[in-house]
There are 2 protein chains.
Amino acid sequence: MYERKIPELLDCGLAVAIKVIGGKWKAWIIDCIRREIRRPSGIHKEMHEVAPRIINLHLKELEDHGIIFKKIYAEIPARVEYWFTDVGSSILPVIDVLEKWGNDNKEYINRSHENYQSETCVFKRETA
Amino acid sequence: MYERKIPELLDCGLAVAIKVIGGKWKAWIIDCIRREIRRPSGIHKEMHEVAPRIINLHLKELEDHGIIFKKIYAEIPARVEYWFTDVGSSILPVIDVLEKWGNDNKEYINRSHENYQSETCVFKRETA
DNA sequence: CTGCACAGGGAAAAATTTTTCCCCCTCCAT
DNA sequence: ATGGAGGGGGAAAAATTTTTCCCTGTGCAG
């Protein structure tokens, strides 16, 4: 486990929320589980461009944050499934809001990003 | 400017949204501007625990993403103010949703984080 | 016995973001 | 002519996150 050198500021609700869903692949993983792709192997298959190790790390974090929990079936061979906790379920609509905003504005955001036009608007003061 | 070696995936709305507001101090900066602390010096004062350089970098990013824009008054000495663009304003309610979820759940999230109880629930399959 | 699906993790490298340390400029008041 | 407010940025270090590589098991089918 990596040990932080600078303490996190977690008073701010937004910081907490982003900590939980801000990881690089968190959203995709959450989306898998939401679509009932619950088993590690299934998630690995769905996200084949991401290394299994990475997905496992993110799953562990989501678990540590209490967003998902693990069901280990006492079968042989063992079967594992991830399910949302109540708090985990409660973040889904929040993600939807974010997702919608992003989709509505992604062309704009990415355009601004490219153009990079620092032609900063210059104004005279009206109240001279 | 840092040049990415791994391309970003920006099809996903959520990735875009987090790219925009996910920076370490973005939320605080946005909150300043929302509270009409618009001038760099004012923001620096408000966020005195953060180095001015860092704030400037984040401001630049917000500007590049088209969330805020810069008004440079043709006064002497020059005065600068940051204002939200229309798209910038449209993200404020989104941030509120995130902030609310975070505040409602931060004790829970931080508790889970500490406990770290990987006592994974074990189940027998009901349908044996 | 070999190979494959399944679940998982240590260690180190690479990539990225954040931070520190200094530097530049202009104007204005002392 | 010195200092401070006000706006800004380069370069490198430090911190953090992401990635790669490789290794550990079990059980089951050929």
Side-chain angles (χ1 to χ4, degrees), chain A residues 1-10 15 18-29 37-65 68 70-82 116 118 120 122, chain B residues 1-10 15 18-29 37-65 68 70-82 116 118 120 122:
Chain A
M1 287 290 266
Y2 177 74
E3 193 176 330
R4 298 201 143 267
K5 298 189 182 162
I6 295 179
E8 290 182 287
L9 308 170
L10 294 172
I18 287 183
K19 176 196 176 77
V20 169
I21 59 170
K24 183 155 179 187
W25 307 107
K26 290 271 176 65
W28 197 354
I29 292 174
I37 301 175
R38 308 189 173 285
R39 303 183 60 181
S41 55
I43 299 174
H44 294 339
K45 241 169 250 159
E46 164 83 11
M47 302 176 61
H48 63 275
E49 44 274 81
V50 185
R53 180 81 225 273
I54 304 176
I55 297 173
N56 290 342
L57 287 177
H58 281 320
L59 282 167
K60 184 95 180 77
E61 272 188 31
L62 289 170
E63 203 191 341
D64 289 346
H65 291 335
I68 58 178
K70 208 176 189 175
K71 259 185 171 174
I72 303 180
Y73 290 88
E75 296 175 11
I76 282 187
R79 185 159 59 104
V80 170
E81 286 182 358
Y82 289 103
Y116 199 153
S118 47
T120 50
V122 177
Chain B
M1 288 289 266
Y2 177 73
E3 192 177 330
R4 298 202 143 267
K5 298 189 181 160
I6 296 178
E8 290 181 288
L9 307 170
L10 295 173
I18 286 183
K19 175 195 177 78
V20 169
I21 59 171
K24 183 156 179 187
W25 306 107
K26 290 271 176 66
W28 198 353
I29 292 175
I37 302 173
R38 309 188 171 284
R39 303 183 60 182
S41 56
I43 298 174
H44 294 339
K45 243 169 249 160
E46 163 84 12
M47 302 177 61
H48 63 275
E49 44 276 80
V50 185
R53 180 82 225 272
I54 304 175
I55 297 173
N56 290 343
L57 286 177
H58 282 319
L59 282 167
K60 184 94 179 77
E61 272 187 31
L62 289 169
E63 203 190 340
D64 288 346
H65 291 334
I68 59 178
K70 208 176 189 174
K71 259 186 171 174
I72 302 179
Y73 290 88
E75 297 174 10
I76 284 187
R79 185 160 59 104
V80 170
E81 287 181 357
Y82 289 102
Y116 200 155
S118 46
T120 49
V122 178

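So you know, we letter chains A, B, ... as the sequences are listed, proteins then strands, and number each from 1. Values in this document were obtained by computation on a predicted structure and should not be read as measured data.
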Legend entry - Interatomic distance where CG belongs to Leu57(B) and C1' belongs to dG9(D) [whole Å]: 9 Å
Legend entry - Side chain of Lys24(B) (C-beta onward), nearest among dC6(C), dG8(D), dT19(C): dT19(C)
Legend entry - Atom pair distance, as rounded to whole Å: CD1 in Ile72(B) and C1' in dG7(D): 9 Å
Legend entry - Atom-to-atom span, CD of Glu63(B) to C1' of dG8(D) - whole angstrom: 12 Å
Inset, instruction - Identify which nucleotide among dG6(D), dT16(D), dT16(C) has an atom closest to any side-chain atom of Lys5(B), counting heavy atoms from C-beta outward. - result: dT16(C)
Legend entry - Side chain to side chain, Lys24(B) and Ile6(A), heavy atoms closer than 4.5 Å: yes
Inset, instruction - To the nearest Å, give me how far apart CG (Asn56(A)) and P (dC6(C)) are. - result: 13 Å
Legend entry - First encountered from the 5' end of DNA chain D, between Ile6(B) and Pro7(A): Pro7(A)
Legend entry - Check against side chain to side chain contact (heavy atoms under 4.5 Å, CB included), Val20(A) and Lys26(A): CA-CA 8 Å; Val20(A) 169; Lys26(A) 290 271 176 65; over 6 Å; no
Inset, instruction - Report yes or no: does Arg39(B) contribute a side-chain atom to a donor-acceptor pair with the main-chain N or O of Glu81(B) at less than 3.5 Å? - result: no
Legend entry - Nearest to side-chain heavy atoms of Lys70(A), which nucleotide of dA15(C), dT18(C), dG8(C): dG8(C)
Inset, instruction - By nearest nucleotide on DNA chain C, pick out whichever of Glu49(B) and Glu3(B) is the more 5' one. - result: Glu3(B)
Inset, instruction - Taking only the side-chain heavy atoms of Ile54(B) (C-beta and beyond), determine which of dT20(C), dT17(C), dT16(D) contains the nearest atom. - result: dT20(C)
Inset, instruction - Answer yes or no: does a side-chain N or O of Trp25(B) lie under 4.0 Å from OP1 or OP2 of dT19(C)? - result: yes
Inset, instruction - With rounding to the nearest 0.5 Å, note down the distance linking NZ in Lys19(B) to CG in Leu9(B). - result: 10.5 Å
Legend entry - Distance below 4.0 Å between Arg39(A) side-chain N/O and dA7(C) OP1 or OP2: yes
Inset, instruction - Ignoring backbone atoms, test whether Arg4(A) places a side-chain nitrogen or oxygen under 4.0 Å from the OP1 or OP2 oxygen of dT17(D). - result: yes
Legend entry - Integer-rounded Å distance: dT18(C) C1' and Glu8(A) CD: 14 Å
Legend entry - Which nucleotide in dT18(C), dA7(C), dG8(D) has an atom nearest any side-chain atom of Pro40(B): dG8(D)
Inset, instruction - For His44(A), answer base if it contacts any base atom (sugar-phosphate contacts may also be present), sugar-phosphate if it contacts only those atoms, and nothing otherwise; contact means non-hydrogen atoms under 4.0 Å. - result: nothing
Inset, instruction - Return the nearest nucleotide to the side chain of Tyr2(B); candidates are dG7(D), dT19(C), dT16(C). - result: dT16(C)
Legend entry - Val50(B) and Trp28(B), any side-chain heavy atoms less than 4.5 Å apart: yes
Legend entry - Integer-rounded Å distance: dT16(C) C1' and Glu61(B) CD: 11 Å
Inset, instruction - Could you please name the option among dG8(D), dT20(D), dC6(C) that lies closest to any side-chain atom of Val80(B)? - result: dG8(D)
Inset, instruction - When you get a sec, tell me which of dT16(D), dT19(D), dG6(D) is the closest nucleotide to the side chain of Lys45(B)? - result: dG6(D)
Inset, instruction - Take Leu57(A) and Trp25(A) through the test side chain to side chain contact (heavy atoms under 4.5 Å, CB included) and record every step on the way to the result. - result: CA-CA 10 Å; Leu57(A) 287 177; Trp25(A) 307 107; over 6 Å; no
Inset, instruction - Report the nucleotide, chosen from dG6(D), dA7(C), dT17(D), that has the shortest atom-to-atom distance to any side-chain atom of Ser41(A). - result: dA7(C)
Inset, instruction - Starting from P on dT17(D), measure out to CG on Leu59(A) and report it in whole angstrom. - result: 17 Å
Legend entry - Interatomic distance, Ile55(B) CD1 vs dT18(C) P [rounded to whole Å]: 13 Å
Legend entry - Closest listed nucleotide, where the reference is the side chain of Arg53(A) and the choices are dG8(D), dT19(D), dG10(C): dG10(C)
